[in-house]
Amino acid sequence: MKTIRIEASRCYDVGIGPGLLEAAGERIAALGGRVRAMVVSDDRVFRLYGARLLDSLRRAGLETAQFVFPHGEREKNLTTYGALLETLCRERFTRRDWIVALGGGVVGDLAGFAAATYQRGIPLAQLPTTLLADVDSSVGGKTAVDLAGGKNQAGAFYQPSLVLCDTDCLATLPAEEYRCGCAEIIKYAMIGSPELFEDISRTPVSSRYEDVIAACVAMKRDYVQADEFDTGKRMMLNFGHSFGHAAEACSGYALPHGEAVAMGMAVMSRSAAAAGICTGETADRLIGLLNAYGLPSELPYAAEALAEAARADKKAAGDTLRLVVPEEVGRCRIETVPVGDVLLWLRRGGVK
Ligand SMILES: NC(=O)c1ccc[n+]([C@@H]2O[C@H](COP(=O)([O-])OP(=O)(O)OC[C@H]3O[C@@H](n4cnc5c(N)ncnc54)[C@H](O)[C@@H]3O)[C@@H](O)[C@H]2O)c1
């Protein structure tokens, strides 16, 4: 097992390795005592791993309750969030008790926002079960639910007290979810680690989960510790996301997040190559790796529609947008561009 310590507004360990669900009860009891634990999960994940987690919590002397909702992004909304808060209140949870999020990014974001706001904040353990949640959403304290007007529009920065990435859970991950996690891993490699880029070009991510997740979490730790509230350096983690979010919006959120990010990274790298910011070889290497992992590299929407959606994204600040642009494999920079130029960046990246 590997452990990475995050020192942000709250300090906590991220454990990475097999068998961690079985250890969750002990680990939480060591931090919080014999508290009560509200396990929050979606129906698919709970069916697979709920019993194992509940057993571990009970063996450690914790009292348990559970809140299980239907899987999918559509459920990451105010209604489900409200129902979870009401359940916590009805079960008389106090600020000593814990929320234990068991699932992918949808569960983690929703449970995290409830932990941030129930009684002004109760302890949270993140037990991610998707590759994307392991390398990204479970660490760093961004929590949110979606509003009718957009994704992640209501939320809070709220760090967990413990994160356990049990790599055994990845054995049941559907192929599409695996690919989406790989898109985020390729993003980390492009923004800061040529070594990781080489590693995952040579050996599939699935053959060495523990090392790859640890490499990504260590990078995320550095960004979060430098810029917890996402006003500067942390924005580098948005590589591929400005155009990716625009593509998600154009698809009515039917497009999986990881695929959208892959498309966004590919178009951005073509655009950067056309502008002379990186070489054509850098763009080709990125696109080659995306394709090797079965990820798309074209944005199948009209440039005007994408530009309009990018302007509406919450990451746009007034008249400008900060784009993360590749310089070479393992190095990117942030460019502040007028929103009016987004169309040009898309067109230069080959979008019609
Ligand atoms: N907070 C952050 O920093 C952050 C970062 C990136 C993404 N996100 C959010 O994360 C969400 C996407 O997360 P996701 O991709 O994990 O999606 P998800 O939570 O919807 O999980 C994807 C699907 O896989 C299933 N699943 C999960 N674990 C499984 C397992 N081990 N075996 C079999 N099936 C499993 C789920 O039931 C679901 O149907 C989005 O809402 C996005 O906004 C948040």
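We count ligands from 1, going down the list as the structure has it; atoms in each ligand are counted the same way.
Using cut-offs of 30° and 60° on the angle between ring planes, the pair H257 and H245 is tilted.
Around ligand 1 you find D42, R44, V45, L48, Y49, H71, E73, K76, G104, G105, V106, D109, T129, T130, L132, D136, S137, K142, K151, N152, C169, T172, L173, P174, E177, K220, each with a heavy-atom distance below 4.0 Å.
Checked against a 6.0 Å centroid threshold, the rings of F113 and Y81 count as neighbours.
Just one of D136, D109, D230 meets the salt bridge (charged side-chain N to carboxylate O under 4.0 Å, His left out) condition when paired with K142; it is D230.
Between L290 and A266, the shortest heavy-atom contact is CD1-CB, 4.0 Å.
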Quick one: side chains of residues 59-67, donor-acceptor pairs under 3.5 Å with protein atoms, not counting sequence neighbours, listed by atom name and distance.
residue: R59; atom: NE; partner: D55; partner atom: OD2; Å: 3.2
residue: E63; atom: OE2; partner: R36; partner atom: NE; Å: 3.3
residue: T64; atom: OG1; partner: R58; partner atom: NE; Å: 3.1
residue: T64; atom: OG1; partner: R58; partner atom: NH2; Å: 3.1

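Annotation: cation-pi geometry satisfied between K233 and Y223 (NZ/CZ under 6.0 angstrom from ring centroid, within 45° of ring axis).
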